[in-house]
**Q** 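Okay, handing you the structure first.
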There are 2 protein chains.
Amino acid sequence: MISKACQYGIRATIFIVSRHHDGVKLNISEIAREVDAPEAFMAKILQVLSKHRIITSLKGPYGGFFIEDFQLEQPVIKIVNAIDGMSVFEECGLGLKQCSASHPCPMHDQYKIARDALQNAFLHTSLRKLAQEVNEGDSFIKNLALKKSESC
Amino acid sequence: MISKACQYGIRATIFIVSRHHDGVKLNISEIAREVDAPEAFMAKILQVLSKHRIITSLKGPYGGFFIEDFQLEQPVIKIVNAIDGMSVFEECGLGLKQCSASHPCPMHDQYKIARDALQNAFLHTSLRKLAQEVNEGDSFIKNLALKKSESC
DNA sequence: TTAATAAAGGATAAAAATGTCCTTTATTAA
DNA sequence: TTAATAAAGGACATTTTTATCCTTTATTAA
Ligand code: FES
Ligand code: FES
């Protein structure tokens, strides 16, 4: 569906946005820790997002990752596009090389509905909105930490 | 989304169902050719479908793969479950270890809608129905063969 | 200018998914 | 019973995805 790299990227970006105030910058290890991602892998992903100007980075002491005002209203789909590309939203569910209404696979109609719903979910949700939800405590980007006694 | 193995499996099964008459049996190479899948890989996939009793196989001369009457009304989701498992329909879209309404990720509500739509698509579609569509020429399990002059 | 800090980037490793090859087993017809 | 046929199954190879390590570059404060 959505690659792990992309999921880390989305969670990381939401975290960065949720800390968007008074020039705060976050470094890789903080971000990786917050979203339960391996640090070096997280670094690669943030690199891509930075190169796509979805987030902004600054090297050196007092540097790190942050988000600028003009980046706040971007839809999450930008992250998906930067990391995974748009193919999830375009490809045939049964693996035909082309998805088209003129040469459809037998699941085309039903599949397209779900695929479009997914695309709309990512298209019509802004980074700002997601971060706001997290800041208000309504949702989370970090796994629930279970005590040893609790099972999954 | 759906693994390649699973897509081959679904297309292959639809093909087998579409040829469900008078004890016709299909062998691996016919099936692989029809669904544009590598033969040896197709063999592995048919093996698991057979073991899950989604299709039936018979060894030896005049053997091959076919479908029995009692197998016709199975929903496609059985194939997905046999090959990929049910995790696509259960996991968090942003990669949290648990998807739950009590500790939701910030995309939970929107994502769940799309994910459930996908599950319903596979759950409420029977093999028989898909094969019928193909037999009536309304849809296809094989890629459109392009002439050399035509581009993608 | 220098030392320290943090991201960028290159190279490599590990794991998972996809794909291939070859031997074994079951079934059939002759 | 034997030879032929076709799936089952084991082992291995390739590709893609995920993850790690180390060096280089940019920036800052002292
Ligand atoms: S052709 Fe298969 S989903 Fe459109
Ligand atoms: S918690 Fe993320 S989709 Fe349910």
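In the text below, chain A, chain B and the rest are named by the order of the sequence lines, each starting its count at 1. If you're wondering where the values come from, they're calculated on a predicted model, not measured in any experiment.
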**Q** So, OP1 or OP2 of C:dT18: does either fall under 4.0 Å of a side-chain N or O from B:Y8?
**A**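 Result: no.
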**Q** Decide yes or no for B:F89 and B:D116: does some side-chain heavy atom of the first lie under 4.5 Å from some side-chain heavy atom of the second?
**A**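 With C-beta onward as the side chain, the pair stays apart.
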**Q** Mind calculating the distance between NZ (A:K4) and P (C:dA16) to the nearest angstrom?
**A**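 Taking NZ of A:K4 and P of C:dA16, I get 9 Å after rounding.
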**Q** Check the pair A:L58, A:F65 against side-chain contact (heavy atoms from CB on, under 4.5 Å), reporting the backbone distance first and the verdict last.
**A** CA-CA 7 Å; A:L58 216 62; A:F65 296 91; over 6 Å; no
**Q** The test is side-chain hydrogen bond (donor to acceptor under 3.5 Å, both in side chains); show your working for B:E39 and B:S29 and say whether it passes.
**A** CA-CA 6 Å; B:E39 197 170 315; B:S29 58; 4.6 Å; no
**Q** Among side-chain atoms of B:H52 and B:N81, is any donor-acceptor pair under 3.5 angstrom?
**A**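 No pair is found: no donor N or O on one side chain lies under 3.5 Å from an acceptor on the other.
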**Q** Counting Watson-Crick and G-U wobble pairs whose two distances are both under 3.5 Å, find the runs of 3 or more in a row that involve DNA chain C.
**A**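 C:1-30 with D:1-30 - these are the stems of 3 or more pairs that involve DNA chain C.
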**Q** Identify all pairs in which a protein N or O lies below 3.5 Å from an N or O of nucleotides 10-12 of chain C, and state each distance.
**A**
unit_1 : atom_1 : unit_2 : atom_2 : d
C:dG10 : N7     : A:K44  : NZ     : 3.0
C:dG10 : O6     : A:K44  : NZ     : 2.5

**Q** Do the side chains of A:I79 and A:L127 get nearer than 4.5 Å, heavy atoms only?
**A**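 Touching, per the 4.5 Å side-chain cut-off.
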**Q** What's the CZ-P distance between A:F41 and C:dA16, to the nearest Å?
**A**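 Nearest whole value for this atom pair: 13 Å.
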**Q** Run the side-chain contact (heavy atoms from CB on, under 4.5 Å) check on B:E91 and B:R115 step by step: do they pass?
**A** CA-CA 9 Å; B:E91 286 176 349; B:R115 199 185 57 186; 5.5 Å; no
**Q** Do A:Q71 and A:T56 have a side chain donor and acceptor closer than 3.5 Å?
**A**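 Their side chains do contain a donor-acceptor pair, which is all the 3.5 Å distance test asks for.
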**Q** Heavy atoms of chain B, cut-off under 4.0 Å: which first and last nucleotide of DNA chain D, 5' to 3', fall inside that, if you could look?
**A**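 Result: D:dA4 to D:dA11.
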**Q** Describe the nucleic acid contact of B:L26 in one word from base, sugar-phosphate, nothing, applying a heavy-atom distance below 4.0 Å.
**A**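 Counting heavy atoms under 4.0 Å across all strands, the contact made by B:L26 is with sugar-phosphate only.
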**Q** Is A:K25 atom NZ crowded by more than 12 heavy atoms from other residues, nucleotides or ligands, each under 6.0 Å away?
**A**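 Yes, because the 6.0 Å sphere around NZ of A:K25 holds more than 12 heavy atoms from other groups.
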**Q** With a cut-off of 3.5 Å and sequence neighbours excluded, list every side-chain donor-acceptor pair involving residues 7-14 of chain B.
**A**
unit_1 : atom_1 : unit_2 : atom_2 : d
B:Q7   : NE2    : A:G93  : O      : 3.1
B:R11  : NE     : B:I141 : O      : 2.8
B:R11  : NH1    : A:L94  : O      : 2.6
B:R11  : NH2    : B:V35  : O      : 2.4
B:T13  : OG1    : B:G9   : O      : 2.7

**Q** Return the residues of residues 57-69 of chain A meeting this criterion: a heavy atom under 4.0 Å from some atom of DNA chain C. Order them by number, or give none.
**A**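 Here the set is A:S57, A:L58, A:K59, A:G60, A:P61, A:G64, A:F65.
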**Q** Enumerate, atom names and distances included, each donor-acceptor pair closer than 3.5 Å involving a side-chain atom of residues 101-109 of chain A, sequence neighbours excluded.
**A**
unit_1 : atom_1 : unit_2 : atom_2 : d
A:S102 : OG     : A:S100 : OG     : 3.3
A:H103 : NE2    : B:K142 : O      : 2.9

**Q** Answer with base, sugar-phosphate or nothing: what part of the nucleic acid does B:I28 contact at a heavy-atom distance below 4.0 Å?
**A**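 Sugar-phosphate contact only.
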**Q** Show the nearest heavy-atom pair for residues A:D84 and A:S3, with the distance to one decimal.
**A**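 Minimum heavy-atom contact is OD1-OG, 2.6 Å.
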**Q** Quick one, A:I77 and A:M86 - any side-chain contact, counting heavy atoms below 4.5 Å?
**A**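 Yes. Closest side-chain heavy atoms under 4.5 Å.
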**Q** Please determine whether side-chain hydrogen bond (donor to acceptor under 3.5 Å, both in side chains) holds for the pair B:S126 and B:Q74, giving the CA-CA distance in whole Å, both sets of side-chain angles, and the decisive distance to 0.1 Å.
**A** CA-CA 5 Å; B:S126 71; B:Q74 296 174 104; over 6 Å; no
